[in-house]
Amino acid sequence: MVAKFTNDEYTLSIAVSSGLEKVAKKELFRLGYPESPALNGKIEVKGSLIDIARLNVFLRTAERVYIKLAEFDATSFDELFDGVSKIPFENFIESSGKIIVNGKCVKSKIYAISACQKIVKKAVTKRLCDKYSVNFLSETGSEYEIVFSIFKDRAEILLNTTGVALHKRGYKNKVWIAPIKETLASAIVLMSDYYYNRPLADPFCGSGTIPIEASLIALNIAPGKNREFAFDKWKGFDKNLKKRVIEEALDKEELSRKIEVYGTDIDKKAIELAKYHAKNAGLEDRISFKTRPVKEFKTDSDIGTIICNPPYGERVYDRQEAETCYQELGVATNKLLGWSKFIITSAKNFEKKFGNKADRERKLYNSEKECRLYYYYGKKGD
Ligand SMILES: C[S@@+](CC[C@H](N)C(=O)[O-])C[C@H]1O[C@@H](n2cnc3c(N)ncnc32)[C@H](O)[C@@H]1O
């Protein structure tokens, strides 16, 4: 039996990586969602079913969109079972739905994650068996991930509408050394002064993430327009909603804009990969990728924005090699007074090696690693 999603107002909980809450809030505001508080890496907004599709397709800096199904006190397994049993899962999950339960317990009386997983699963299964009048669930259909989060004895039960996290846009399917996540790359572009009428350069472009995300932003291309989400496979979820959102996304594209986006890297293989990823993203004619060491960075333009993620000197490159990169970046770009620079690294002595004190810095995390984004402002463009 197919679930009947009701077109009620839902609380949608948006998960963002630590440090990106502010930029994600701004994105939500621009998409028309009222200012909402960000707490512990999540932002809540109200929305109906179409908002689930909109948020998944349009958000650049968030990781997942959940439907918040319930929130209640859970100091014991019984309370957890009872709280979960009251949730109308039959409104979301078809009778053949495959149920996956994940979650976390933090600073709470119940803390055994695997025991909580079993209890939540038991409560969901019992509820669905009762409602569909069956003795067992076949679980042969689409996947539904139910997530519990128990923090200080308060449980939240969520349904993952995204599936695989939103940083997986679909265009980057080959790996490169220390790539930056698409969500973090786009957040840095949004935090920077980049606008489509300025040139943008990444002199350590690796597999191309920053130039690709910047181009998507410049051309107003929705990051999720080509990917599939968990809700796409749910039988009861109206397929027309996603179609309408994709139409809205295509309508908003600004493909006639002329953009100047450059990616360079010392490694020929990286450049081949960056070109391949740009092609997957439909941007092969929009970005110039070239093999070039940073010390040969050159530009004909008086103004522009450099955004980059150079080696940190921790894994593939040693500290000395990373520091040489910072020095060479400084020598090549510090004289370009009209160019702004936004550089993310975990190296504590970055400013010293780069040879210039940042106008501002901000703490960010790149794959759990604490980093700083160093801001150097250049001349403002039009
Ligand atoms: C942290 S990775 C950048 C990853 C990239 N943001 C991505 O998403 O794939 C650093 C890059 O710097 C490049 N690199 C190292 N030394 C360089 C140099 N002297 N000049 C230019 N690129 C260099 C490496 O080849 C590598 O691709």
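In listed order, ligands and their atoms are each counted from 1. Every value quoted in this text rests on a predicted model; they were computed, and no experiment measured them.
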Answer yes or no: does an N/O atom from [X] fall short of 3.5 Å to an N/O atom of ligand 1?
X	answer
Pro293	no
Ile180	yes
Thr209	yes

So which protein heavy atom does [atom] come closest to, and at what separation?
atom	answer
atom 9 (O) of ligand 1	Ser207 OG, 2.6 Å
atom 4 (C) of ligand 1	Ala178 O, 3.4 Å
atom 17 (C) of ligand 1	Ile266 CG2, 3.6 Å
atom 16 (N) of ligand 1	Cys325 SG, 3.4 Å
atom 5 (C) of ligand 1	Cys205 O, 3.5 Å
atom 10 (C) of ligand 1	Asn309 O, 3.7 Å
atom 20 (N) of ligand 1	Val294 N, 2.9 Å
atom 13 (C) of ligand 1	Asp265 OD2, 3.3 Å

For ligand 1, which atoms have a heavy atom of [X] less than 4.0 angstrom away?
X	value
Pro311	10 (C), 12 (O), 15 (C)
Asp267	25 (O)
Pro203	21 (C), 22 (N)

Indicate the ring-plane relationship of Tyr144 and Trp234, choosing parallel, tilted or perpendicular according to the 30° and 60° boundaries.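 Parallel.
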Under a 4.0 Å heavy-atom limit, does Trp176 contact ligand 1 with its side chain, its backbone, both, or neither?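 It is the side chain that gets close, since no backbone atom is under 4.0 Å.
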Under 4.5 Å between any side-chain heavy atoms of Leu59 and Leu28, yes or no?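 They are in contact (side-chain heavy atoms under 4.5 Å apart), so the answer is yes.
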Should we say atom CZ of Phe29 is surrounded by more than 12 heavy atoms from elsewhere, each under 6.0 Å from it?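 No, CZ of Phe29 has 12 or fewer neighbouring heavy atoms, counting only those of other groups under 6.0 Å.
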Within 45 degrees of the axis of the six-membered ring of Tyr276 and under 6.0 Å from its centre: does Lys174 put its NZ or CZ there?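 Geometry flag: set, cation within 6.0 Å and 45°.
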When you measure from the centre of the six-membered ring of Phe58, is the NZ or CZ of Arg54 closer than 6.0 Å and no more than 45° off the axis?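 That pair qualifies as a cation-pi contact.
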List the steps and the verdict of salt bridge (Lys or Arg N to Asp or Glu O under 4.0 Å) for Lys126 and Asp130. CA-CA 6 Å; Lys126 182 169 183 327; Asp130 289 351; 3.0 Å; yes
Taking all heavy atoms of Ser96 and all of Lys235, pick out the closest pair and write down the distance.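 Smallest interatomic distance, heavy atoms only, reads OG-NZ, 4.1 Å.
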For Glu228, which residues count as a salt bridge (Lys or Arg N to Asp or Glu O under 4.0 Å) partner, sequence neighbours excluded?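 If we apply the salt bridge (Lys or Arg N to Asp or Glu O under 4.0 Å) test to Glu228, skipping adjacent residues, the hits are Lys233.
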In one Ile/Leu/Val/Met/Phe/Trp/Tyr side-chain cluster, 4.5 Å: Ile43, Tyr33: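 Same cluster: Ile43 reaches Tyr33 through Ile, Leu, Val, Met, Phe, Trp or Tyr contacts under 4.5 Å.
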